[in-house]
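In what follows, a structure is listed as structure tokens, so that the remarks can point back to it.
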Amino acid sequence: MQEAYVNINNIPTHIITWGKWIEESLNDVQELVVCITGNPGLPGFYTEFGGALQQELGSDGHNLPVWVIGHAGHDDPPEASIREVPQLSGNAELFNLKGQIDHKIDFIKKYVPRHVKIHLIGHSIGAWMILQLLKEPEIRERIKKCYMLFPTVERMMESPNGWVFTKVAMPLYSVFGYVFFNAFNWLPAWIRIFLIQIYFWIFAIPNHFLGTALKYTKPSVAEKVVFLADDEMARVSVLQRDLIEENLHLLKFYYGSTDGWVPIDYYYQLKMTFPKVDAQLDNKNIAHAFVLRHSKPMASIVSNMIKQNLQ
């Protein structure tokens, strides 16, 4: 595993890779895997998934590089870094959905040569971003297959979690969010770690995510995560039927059976709208935020999907 903060669309961005690093020569590579995260878009949450996926693919001799790209502004570089992430105020266009899509376009154009075909994974809002990337001919021609995991591609505000976010969480954040995250970060490090460990214990989250969770609680990161989520509620509404129809052969959907962001009805309605769609319903009780507890079984599922589409 290699990782660094790389300047993408003028924003220091956390990239984690297995196999080839993004700046290594890809002359001998025909295909690779790129994963666009959900929200929050901190690649640290995807380390177990990415490592397991590359290992699963390699077990059959398919030594594909696996790259995970975080969202712009969701993961600040170390304090010693000379690069700084712009503040949200006055730079909303860099951190909203359009900015995040431009960010991914810049990354692919900059680091993926034209001869390399991409297996593009989109988790949650990452799946919606993939649909927008398919509008770009220069990106679309490089894509081998898209794997849409727990895809928030329609009616986000109408989902149970969307309702809670817009009616409860967002109003509370608007009033108390700034004070809460700043007060939390004024606490001594050991108290912050202790409180996060309690949260992890309650929700059965592995402790190896502790460092990433600490980054997530920084006020400059949290505000951009919430800002993006709010933009998602406003913009991800009607299913982009024409776009899906046009790219049906490139899309593989994987829906959860107990997903508060993507109700199971969305799966059945997609199947009715597109009878030939390649869509699968989870039967292993894997959560929407699979990276926290179900990275390895999800990596096995995705690796099998990818193997079916290798040259």
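Computed from a predicted model, the values in this text were never measured in an experiment. What you see below is based on every heavy atom in this structure, not just the backbone, and it leaves out hydrogens, waters and symmetry mates.
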All side-chain contact (heavy atoms from CB on, under 4.5 Å) counterparts of P86, not counting sequence neighbours: I11, N91, L94, F95
Note, Y147 side chain near L120 side chain (heavy atom, < 4.5 Å): no
For N39, all residues meeting side-chain contact (heavy atoms from CB on, under 4.5 Å), sequence neighbours excluded: H74, I125, V225, L228, A229, E232
Check: I121 and V302 side chains under 4.5 Å, non-hydrogen atoms: yes
Side chain to side chain donor-acceptor pair (under 3.5 Å) between N161 and S159, intermediate numbers included: CA-CA 6 Å; N161 286 5; S159 70; over 6 Å; no
Rounded distance [0.5 Å steps], CG in L187 versus CZ in F194: 12.5 Å
Spatial distance of atom SG (C146) from atom CZ (R140) [nearest 0.5 Å]: 9.5 Å
Qualifying residue for ring-ring contact (aromatic ring centres under 6.0 Å, His included) with Y255, from F150, Y267, Y268: Y267
Pairs flagged by side-chain hydrogen bond (donor to acceptor under 3.5 Å, both in side chains) wherever residues 165-179 is involved - sequence neighbours left out: none
Side chain to side chain donor-acceptor pair (under 3.5 Å) between R192 and Q197, intermediate numbers included: CA-CA 9 Å; R192 281 181 280 147; Q197 285 179 324; over 6 Å; no
Common cluster, F227/I36, ILVMFWY with side-chain heavy-atom separation under 4.5 Å: no
Close side-chain approach of V6 to Y111, heavy-atom, < 4.5 Å: yes
Student check: side-chain heavy atoms of L310 and E31 closer than 4.5 Å: yes
Donor-acceptor pair between Q240 and E154 side chains, under 3.5 angstrom: no
Sequence neighbours excluded, every pair satisfying side-chain hydrogen bond (donor to acceptor under 3.5 Å, both in side chains) that has a member inside residues 6-18: E3-H14, T13-H103, H14-D75
Counterpart residues, salt bridge (Lys or Arg N to Asp or Glu O under 4.0 Å), relative to D76 (two or more places apart): K218
Gap between atom CD1 of I286 and atom CG of D259 - 0.5 Å precision: 11.5 Å
Closest non-hydrogen atom pair, T217 against F181: O-CD2, 3.3 Å
Nearest-0.5 Å distance that lies between atom OG1 in T273 and atom OH in Y266: 13.0 Å
Check: P43 and I69 side chains under 4.5 Å, non-hydrogen atoms: no
Euclidean distance, L195 CG relative to W190 CH2, rounded to 0.5 Å: 9.0 Å
Distance in Å, N285 CG paired with T258 OG1, rounded so as to fall on 0.5 Å steps: 5.0 Å
F49 ring center within less than 6.0 Å of F290 ring center: yes
Q280: side-chain contact (heavy atoms from CB on, under 4.5 Å) partners, not counting sequence neighbours: K252, Y254, M305
Minimum side-chain heavy-atom gap M298-S295 below 4.5 Å: no
Check against side chain to side chain contact (heavy atoms under 4.5 Å, CB included), W128 and R235: CA-CA 10 Å; W128 188 86; R235 293 193 59 192; 4.0 Å; yes
Salt bridge (Lys or Arg N to Asp or Glu O under 4.0 Å) evaluation trace for K296 with E56: CA-CA 9 Å; K296 289 183 178 179; E56 287 270 356; over 6 Å; no
Note, I8 side chain near K104 side chain (heavy atom, < 4.5 Å): no
Trace of the side chain to side chain contact (heavy atoms under 4.5 Å, CB included) decision for H119 with L32: CA-CA 6 Å; H119 294 269; L32 61 76; over 6 Å; no
Pairwise side-chain contact, Q2 with E23, heavy-atom cut-off 4.5 Å (strictly under): no
